[in-house]
Amino acid sequence: MIACPRLSLPNLNSTPSTSDPNSEPQARKLKSSSQLNRWSRARAIRSGRKLDRSGNRSGQEVAGVKSPPLVHFQSTESSVSLETEKTSDGGDDVEKTAVKSIYMISDGTGWTAEHSVNAALGQFEFCLVDRGCSVNTHLFSGIDDIEQLMEIVKQAAKEGAMVAYTLADPSMAESAEKACKIWGIPSTDILGPITEAIASHLGVSPSGLPRGAPGRNFPLSDEYFKRIEAIEFTIKQDDGALPKNLIKADIVLAGVSRTGKTPLSIYLAQKGYKVANVPIVMGVEPPKTLFQVDPEKVFGLTVNSVVLQAIRRARAKSLGFGAEVRSNYSEMDYVREELEFAGRIFAQNPAWPVIEVTGKAIEETAAVVLRLYHDRKNRCSMPRISKRY
């Protein structure tokens with residue numbers, strides 16, 4: 001049994017005051033959305049990106065905390081602030097939903113807490129997107145001091161926020177739990193239950209040290225150098241470069257422009273896979289080596305034509321092309337024809353799985369690719385030919 005130090009809390013005689021409503025960020029009013037806008041906002045919600053930053057305060061201002069001298073902790077804020085419009089379909093108007101805050105506290109980078117919360121928020125897209133529920137998420141990373149922890153919890157009480165934390169040190173986790181209970185804050189320990197379950201299963205006590213803490217410095221392993229090599233290979237093979245090296249790749253991605261080949265390639269490379277991606281352009285024959293590599297390595301990417309047109313228009317605009325400059329690249333007829341051209345190539349190679357990336361985050365597409373890749377490699381459960389994922 002690990003002895004936990006007694007928790008020293010600030011004076012709790014006074015009731016936590018609520019935040020000044022005038023200081024709340026102004027929600028951005030959105031018109032009735034099309035399917036494309038719903039997909040876009042849903043992906044933003046899952047990835048934790050801000051949809052509206054106007055009027056938002058910085059993480060330090062939101063926390064209302066000044067770090068002690070020589071002690072620094074980081075706070076990042078993501079905001080999903082949507083306002084529902086008043087409708088008269090059934091008679092009753094829809095009221096504006098108050099902004100809800102979620103504080104994520106971590107003694108490390110906060111990666112686990114942030115991704116767990118974002119994954120959970122994905123279960124409420126019907127509310128976040130369709131009904132305009134407003135949610136602010138604030139990440140406080142590197143919190144390894146009780147005083148800092150108490151200040152953040154106290155501010156969460158003032159804002160009526162929920163607290164989710166990943167604190168490896170049992171005494172820190174217990175302090176967070178007690179403080180939230182005293183101040184009446186809804187909270188959840190993300191890391192504790194799974195750590196306790198694994199400790200019970202293995203019959204070994206956890207170290208209680210956050211990642212990167214002294215005593216947890218891992219030597220550079222073969223796995224590390226494998227990832228570095230995979231990233232270097234993937235960068236060199238981007239956008240069809242050096243097609244002669246396709247045979248050396250672990251995974252080959254093929255698809256028309258703006259289907260997310262490059263970011264997906266880099267994401268997979270960071271996991272240690274050598275990835276090459278080949279663009280499919282209407283009227284241009286793909287490199288012959290694409291059809292000579294092991295077909296179990298090749299994955300086709302496709303996307304909804306409306307979404308693709310919107311992405312290409314945004315890309316053209318970012319390159320400085322105004323509305324008056326018309327280009328086949330973002331014209332609907334051309335987009336559809338190019339998708340059909342790619343579809344014919346995929347049909348001619350039925351061993352290539354075709355993955356529908358519309359509305360999927362990079363992580364979701366990568367999960368599909370890796371599941372199919374390992375299923376094929378280990379001969380676990382071969383996917384049905386020409387099935388779309």
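Between A230 and G272 the shortest heavy-atom distance is CB-C, 3.6 Å. The shortest heavy-atom contact between E159 and H138 is OE1-NE2, 4.4 Å. For the pair S330 and Q309, the tightest heavy-atom approach, listed with the atom from each and the gap, is O-CG, 3.2 Å. Between L372 and P353, the closest heavy-atom pair is CD1-CB, 3.8 Å. T289 approaches P243 most closely through the heavy-atom pair OG1-O, 2.9 Å. Closest heavy-atom contact between A269 and V275: N-CG2, 4.3 Å.
Taken together through direct or relayed side-chain contacts under 4.5 Å among Ile, Leu, Val, Met, Phe, Trp and Tyr, V284 and V298 form part of one hydrophobic cluster. I266 and L268 fall into different hydrophobic clusters, where Ile, Leu, Val, Met, Phe, Trp and Tyr are joined by side-chain heavy atoms under 4.5 Å apart, directly or via other members. Residues M282 and V354 share a single hydrophobic cluster, defined by chaining ILVMFWY side chains whose heavy atoms lie under 4.5 Å apart. In the hydrophobic clustering of ILVMFWY residues, with side-chain heavy atoms under 4.5 Å counting as a link, I231 and L253 come out apart. In the hydrophobic cluster analysis, where Ile, Leu, Val, Met, Phe, Trp and Tyr join through side-chain heavy atoms closer than 4.5 angstrom, L139 is grouped apart from L191.
Sorted by first and then second residue, the pairs that involve residues 256-294 and meet ring-ring contact (aromatic ring centres under 6.0 Å, His included), not counting sequence neighbours, are Y273-Y373, Y273-H374, F291-W352. Counting only residues at least two apart or on different chains, no ring-ring contact (aromatic ring centres under 6.0 Å, His included) pair has a member in residues 153-174.
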Q.
Pair Q237, N245 - check side-chain hydrogen bond (donor to acceptor under 3.5 Å, both in side chains), show working.
A. CA-CA 8 Å; Q237 304 302 133; N245 290 336; 3.3 Å; yes
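Side-chain contact between I185 and M162 is absent, with no heavy atoms from C-beta onward closer than 4.5 Å. Counting heavy atoms from C-beta outward, P286 and I345 have side chains that approach closer than 4.5 Å. Residues D169 and P210 are not in side-chain contact: their nearest non-hydrogen atoms beyond the backbone lie 4.5 Å or more apart. Within the 4.5 Å cutoff, side-chain heavy atoms of I280 are placed close to those of F346. Side-chain contact between L246 and Q292 is absent, with no heavy-atom pair separated by less than 4.5 Å. Side-chain contact between K236 and F233 is absent, with no heavy-atom pair separated by less than 4.5 Å. The closest side-chain heavy-atom distance from I355 to V369 is below 4.5 Å. With a 4.5 Å cut-off on side-chain heavy atoms, L149 and M172 count as touching.
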Would you tabulate the side-chain donor-acceptor contacts of residues 255-264 under 3.5 Å, counting partners in other chains and residues two or more places apart, or write 'none'?
residue, atom, partner, partner atom, Å
S257, OG, Y329, OH, 3.0
T259, OG1, V256, O, 2.8
K261, NZ, G255, O, 3.2
K261, NZ, V256, O, 3.0
T262, OG1, D238, OD1, 2.7

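A salt bridge links K178 to E174: one of the charged nitrogens lies within less than 4.0 Å of a carboxylate oxygen.
Here the rule is side-chain contact (heavy atoms from CB on, under 4.5 Å) with D107, and of D145, L167, L209, I143 only L167 fits it. V163 pairs with exactly one of I102, T188, I105 by the side-chain contact (heavy atoms from CB on, under 4.5 Å) rule, that one being I105. Across M332, E338, E337, a single residue satisfies side-chain contact (heavy atoms from CB on, under 4.5 Å) together with S305, and that is M332.
Here the straight-line distance linking atom CZ of F225 with atom CG of D222 works out to 8.0 Å at 0.5 Å rounding. The distance from atom CG of L308 to atom OG1 of T358, rounded to the nearest 0.5 Å, is 8.5 Å. Here the OG atom belonging to S175 is positioned 5.5 Å from the CE atom belonging to M150, to the nearest 0.5 angstrom. From I198, atom CD1 reaches atom NE2 of H201 across 9.0 Å, with rounding to the nearest 0.5 Å. Atom OG1 in T365 sits 11.0 Å away from atom CG in L370 (nearest 0.5 Å).
I247 CD1: 12 or fewer foreign heavy atoms inside a 6.0 Å radius.
Residues meeting the salt bridge (Lys or Arg N to Asp or Glu O under 4.0 Å) test with K274, sequence neighbours left out: E229. Residues passing the side chain to side chain donor-acceptor pair (under 3.5 Å) test with D294, sequence neighbours excluded: none.
Taking a 4.5 Å side-chain heavy-atom cut-off between Ile, Leu, Val, Met, Phe, Trp and Tyr, the cluster of W111 contains only that residue.
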